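Reading through the structure tokens given below for one structure.
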Amino acid sequence: GCWGSAGEFSLQGLLEDAAAALRLVSRYRHVDADRVGLLGFSLGGWIALWIALDWPAGVERLVLADPAGLRDPSGMAREAAETLAHPTIESMKEFNRRARFHPRDIPERIWPLVVKRIESRPARDMVLAITDDDFLDGKLAGLKPPTRLLWGEADRVLPPSMGKRFEAEVPGVRLELLRECGHLPQ
């Protein structure tokens with residue numbers, strides 16, 4: 001049920017698709033399946049974390065940039081998810097302001113196209129499919145690979161306080177706040 005395949009969308013299905021892709025790539029002669037490094041940004045960071053938890057022998061290192069996956073008491077993450085699930089011109093303008101340190105000046109005629117583009121992606125299905133079991137709160141202590149955690153100091157989509165929580169939950173990780181950087185690096 002992911003990316004146009006039949007069935008219901010789920011974060012678990014997305015994880016299974018990513019793991020299957022990794023297994024497929026690991027069949028190539030020049031790929032050492034025991035030395036896979038994963039880079040994940042936002043939702044991709046959440047998925048990379050799940051893969052590393054589910055396949056500890058196969059993931060050698062992680063680089064995470066503003067990963068989702070922990071509950072956000074500030075409500076910013078939920079607000080961003082709702083914006084992507086139900087985009088309007090005004091909500092996408094606000095997302096642009098919150099996601100970037102220097103928001104882009106986008107011409108008015110482009111905003112309807114932005115909304116159509118977001119609507120054409122599986123964002124709505126992704127947001128609606130997330131369950132309580134998908135969140136990583138309290139599940140990261142068993143994470144094995146060395147992990148580098150980068151976070152935009154000015155991120156107003158997934159606030160830096162979430163980065164501090166990741167730092168507290170992931171063994172051996174150190175949070176690196178990036179100056180003059182929002183959720184979307186520029």
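Starting from 1, each residue takes its place in the sequence as its number. Just so it is clear, the structure is predicted and the values come from calculations on it, not from any experiment.
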Are the side chain of [X] and the backbone N or O of [Y] linked by a donor-acceptor pair below 3.5 Å?
X    : Y    : result
W151 : L158 : yes
R98  : R156 : yes
S91  : P87  : no
E60  : P145 : no

### Task
Could you tell me whether the side chain of R78 reaches within less than 4.5 Å of the side chain of D72, counting heavy atoms only?
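D72 vs R78: side chains apart.
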
### Query
L184 versus D66: any side-chain heavy-atom pair under 4.5 Å?
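In short, these two side chains do not touch, never coming nearer than 4.5 Å.
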
Separation between [atom1] of [X] and [atom2] of [Y], rounded to the nearest 0.5 Å:
X    : Y    : atom1 : atom2 : answer
L177 : D155 : CG    : CG    : 10.0 Å
F166 : L140 : CZ    : CG    : 6.0 Å
E169 : L136 : CD    : CG    : 8.5 Å
L150 : C181 : CG    : SG    : 9.0 Å
E94  : R97  : CD    : CZ    : 4.5 Å
F95  : T88  : CZ    : OG1   : 12.5 Å

Show the nearest heavy-atom pair for residues [X] and [Y], with the distance to one decimal.
X    : Y    : answer
G152 : P160 : O-CG, 3.6 Å
F101 : A154 : CD1-CB, 3.5 Å
F135 : I130 : CE1-CG2, 3.7 Å
P67  : L49  : CB-CD1, 4.4 Å
M92  : V115 : CG-CG2, 4.0 Å
V173 : E167 : CG1-CA, 3.5 Å

### Message
Does this structure show an ion pair linking E119 with K116, if we count only N-O contacts that are shorter than 4.0 Å?
### Response
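Looking at E119 and K116, the cut-off is not met.
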
### Sequence neighbours excluded, every pair satisfying salt bridge (Lys or Arg N to Asp or Glu O under 4.0 Å) that has a member inside residues 141-153
R148-E176

### Query
Which pairs, with at least one residue in residues 131-140 and sequence neighbours excluded, count as a salt bridge (Lys or Arg N to Asp or Glu O under 4.0 Å)?
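Passing the test, one end in residues 131-140: R71-D132, R71-D137, D137-R165.
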
### Message
One pair to check against side-chain contact (heavy atoms from CB on, under 4.5 Å): N96 and I106. What are the steps and the verdict?
### Response
CA-CA 9 Å; N96 181 51; I106 298 173; 4.3 Å; yes

If hydrophobic clusters are built from ILVMFWY residues whose side chains come within less than 4.5 Å, do [X] and [Y] share one?
X    : Y   : result
M76  : L70 : no
V170 : L39 : no
V63  : V59 : no

### Summary
Sequence neighbours excluded, the answer for side-chain hydrogen bond (donor to acceptor under 3.5 Å, both in side chains) partners of E90 is none

### Task
Return yes if a side-chain donor-acceptor contact under 3.5 Å exists between H183 and S42, otherwise no.
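Their side chains do contain a donor-acceptor pair, which is all the 3.5 Å distance test asks for.
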
